[in-house]
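Lettering follows sequence order; numbering is per chain, from 1. Keep in mind the model is a prediction, meaning the values are calculated, not measured. These numbers come from the heavy atoms of this one structure, side chains and all, not from hydrogens, waters or symmetry mates.
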2 protein chains.
Amino acid sequence: MATGSIQTTYSNGSDDVVVPDVVVERLPLYVRVLTALAASGIDMVSSEQLGDQLHMTPAQIRKDLSYFGRFGKQGRGYNVVALVNKLKTILGLDRSWNACIVGMGRLGRAIASYPGFAPEGFKIVAAFDADQSLIGTNVDNLPVRSISDIRQAVEEDDIAIGIVAVPAVAAQSVIDSLVDAGIEAILNYAPVTAYAPDHVKIKNIDPVISLQSMTYYLKS
Amino acid sequence: MATGSIQTTYSNGSDDVVVPDVVVERLPLYVRVLTALAASGIDMVSSEQLGDQLHMTPAQIRKDLSYFGRFGKQGRGYNVVALVNKLKTILGLDRSWNACIVGMGRLGRAIASYPGFAPEGFKIVAAFDADQSLIGTNVDNLPVRSISDIRQAVEEDDIAIGIVAVPAVAAQSVIDSLVDAGIEAILNYAPVTAYAPDHVKIKNIDPVISLQSMTYYLKS
DNA sequence: AGTAGTGTGTGCCTTATATCACAATCGGGA
DNA sequence: TCCCGATTGTGATATAAGGCACACACTACT
C-alpha cells in the first residue's frame with residue numbers, strides 16, 4: 001500500500017538473509033507470549049504450543065524464527081527465556097527508546113498518559129503543539145513546546161520516534177517536520193494516508209478505518 | 001495469522017465474485033480520499049490521481065474497484081460522488097451502527113469520549129465494566145452497566161460492534177461473552193492475541209506492538 | 001550402546017496478492 | 001461523422017507469503 005521497503009536484510013553471523021516485513025511484524029507477538037510463558041515459569045516451548053496460543057500454524061512460527069537463526073532443539077522445542085531475549089535483541093527491545101508526541105489535544109493527552117509505553121521501554125520525553133495558549137504549560141509533567149522546536153529537541157533528547165496526534169489537515173506537514181528533524185519511525189494517529197520517505201517507517205493507528213472495513217462483513 | 005475467513009463473496013448483480021480481505025481493508029481509504037475530493041468540489045478523478053494521493057499504483061485501485069462493478073468511464077475516470085456513494089453502500093456505511101464499550105477505565109473513557117466515531121456513523125450506545133463501584137455511574141452520558149448485562153443489551157439496543165478496553169487478562173473472556181451475545185465485529189484494544197470464531201471479525205489496536213516492530217528498523 | 005519418540009529447520013509446492021500491458025470504450029473537437 | 005487522446009477493465013504474468021512433509025537431531029529410557 002504505502003510506499004516503503006518491503007523487506008530488509010538481517011546479518012546473521014554467516015550470511016545476510018532477506019526478512020519480509022510481515023515477519024518482523026509478527027516478532028513482537030512472539031515476544032509477548034514468550035514473556036508471559038517465562039513469567040509463568042515455563043522454560044521450554046514447542047512451535048506447536050506457540051501456534052496454539054497465537055492461532056497460527058507451527059510451520060509459520062518455525063519459518064519466521066529461521067530467518068534469524070536456529071534457536072530450537074529437535075525433540076525439545078525452544079528455551080523460552082533464551083528465545084525471548086534473542087528476539088528482543090533482534091527487535092532492538094533490549095534498550096529503551098525516546099519518543100515525542102506532536103499534538104497535545106484530547107488525543108495527545110490520552111496517549112501521553114497511557115501507562116503501557118514505559119514498561120516496554122518507550123519513554124515520552126517531549127511534547128509539541130501549535131496552539132500558543134498551550135505552549136509553556138505542563139501536561140502530565142511534560143512541558144508543551146512549539147512545533148518549531150522539534151528539530152532541536154530531537155537532537156538534544158535523542159528522540160527516535162514521533163507520535164502524531166494532530167488534526168488530519170496538519171498531519172502531513174507535521175510528519176514532514178519530523179522526517180526533516182531526522183526521526184526514523186512515526187506512529188500516526190491522524191486519519192490520513194500519510195507519506196514518508198522509504199527510510200522512515202510509519203504505522204497508522206486508525207480505529208475508524210478498522211471499523212469501516214469490518215462493517216462490510218456485518219450481515220444485518 | 002489469526003484464524004478467520006480470508007475472503008468473502010460479493011453478489012454483484014450478475015455473478016458472485018470472491019473478494020480478498022486485503023481489498024476490503026483498502027476500501028475505507030478510498031472512501032476517505034473520495035469524500036475529501038467531493039468536499040473540495042472535484043467531480044471526476046482518475047485511478048492515477050487516486051494512486052498519487054494514496055501512494056499506491058493505479059492498477060491496484062482499478063482492480064480493487066473491479067471486484068464490485070464497473071464504476072469508471074474510459075478516458076474520463078470515476079465520478080467522485082457516485083463512486084463514494086457506491087463504496088459506502090458496499091461497506092455498509094450508508095447507515096449507522098451501534099457499538100458498546102467493555103471496560104470503562106482510563107482507556108475505555110478515552111474511547112467513549114473520542115469525537116471521531118459519531119460523524120462516521122458509529123454510535124456508542126452502551127458501556128460495561130466489571131467494577132461494582134463504577135456500575136450505575138454515568139460516564140460521558142453513558143450509564144455503566146454490569147458485564148453480565150451484555151447479552152440483554154446487545155439484543156435490546158441492536159448492538160453490532162463490541163469495543164474491548166479491558167486489561168489483558170480479562171480480554172479473552174470478555175470477547176467470548178461478546179461473541180456469545182451475538183456480536184459480529186470486535187475492535188480489541190487489549191494487548192492480547194485474542195481468538196474469535198470465523199464468523200466474527202476482530203481487529204486489534206495495539207500501539208505498543210506497532211512501535212515494537214518499527215524499532216527493528218531503527219539504526220542507532 | 002541402542003532405540004523410540006519428539007520436534008526442529010527447510011526444500012518444495014500451493015495459494016494469494018500485485019503488477020503489467022493492451023484491447024475496448026468514452027467524450028470532445030474538427 | 002469520424003478521429004484522437006485519455007483512461008478504464010482485465011487476462012496474463014510476476015512476486016510474495018504460507019504450508020506441507022520429511023530428513024535430521026536431540027533426549028530419555030532401557
Q: To the closest 0.5 Å, what do you measure between CE (A:Met56) and OG (A:Ser47)?
A: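 The OG atom of A:Ser47 is 10.5 Å from CE of A:Met56, to the nearest 0.5 Å.
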Q: Atom pairs, N/O to N/O, protein against nucleotides 1-8 of chain C, distance under 3.5 Å?
A:
{"unit_1": "C:dT6", "atom_1": "O2", "unit_2": "A:Gly75", "atom_2": "N", "d": "3.4"}
{"unit_1": "C:dG7", "atom_1": "O4'", "unit_2": "A:Gly75", "atom_2": "N", "d": "2.9"}
{"unit_1": "C:dT8", "atom_1": "OP1", "unit_2": "A:Ser47", "atom_2": "N", "d": "2.7"}
{"unit_1": "C:dT8", "atom_1": "OP2", "unit_2": "A:Ser47", "atom_2": "OG", "d": "2.7"}

Q: Less than 4.0 angstrom from a charged side-chain N to a carboxylate O is my criterion; do A:Arg109 and A:Asp129 meet it?
A: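 A salt bridge is absent here (no side-chain N lies under 4.0 Å from a carboxylate O).
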Q: Rounded to the nearest Å, what distance is computed from the CD1 atom of residue B:Ile61 to the C1' atom of nucleotide D:dT7?
A: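 So the CD1-C1' distance, B:Ile61 to D:dT7, works out to 13 Å.
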Q: Can you confirm whether A:Val31 sits close enough to A:Lys88 that some side-chain heavy atom of one is under 4.5 Å from a side-chain heavy atom of the other?
A: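 Result yes, sub-4.5 Å side-chain heavy-atom pair found.
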Q: Mapping B:Ala59 and B:Gln49 to their closest nucleotides on DNA chain D, which lands nearer the 5' end?
A: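 Upstream on the strand: B:Gln49.
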Q: Is any side-chain nitrogen or oxygen of A:Arg26 closer than 4.0 Å to OP1 or OP2 of D:dA17?
A: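 For D:dA17, neither OP1 nor OP2 has a side-chain N or O of A:Arg26 closer than 4.0 Å.
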Q: Any side-chain heavy atom of B:Gln53 sitting closer than 4.5 Å to one from B:Leu37?
A: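 Yes. Closest side-chain heavy atoms under 4.5 Å.
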Q: Any heavy-atom pair between the side chains of A:Tyr67 and A:Val24 that's under 4.5 Å?
A: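 A:Val24 vs A:Tyr67: side chains apart.
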Q: Could you check whether any side-chain N or O of A:Asn79 sits under 3.5 Å from a backbone N or O of A:Val81, counting only pairs where one atom can act as donor and the other as acceptor?
A: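 The answer is yes, because a donor-acceptor pair under 3.5 Å joins these two groups.
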Q: In terms of relative ring orientation, are A:Phe117 and A:Phe122 parallel, tilted or perpendicular, with 30° and 60° separating the classes?
A: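 Because their plane-to-plane angle is over 60°, the rings of A:Phe117 and A:Phe122 count as perpendicular.
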Q: Check the orientation of A:Tyr195 and B:His55. Use parallel for under 30°, tilted for 30 to 60°, and perpendicular for over 60°.
A: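 Geometry flag for B:His55 against A:Tyr195: tilted rings.
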Q: Heavy-atom contacts under 4.0 Å between residues 33-42 of chain A and DNA chain D, which residues?
A: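 Residues of residues 33-42 of chain A that come under 4.0 Å of DNA chain D do not exist, since none gets that close.
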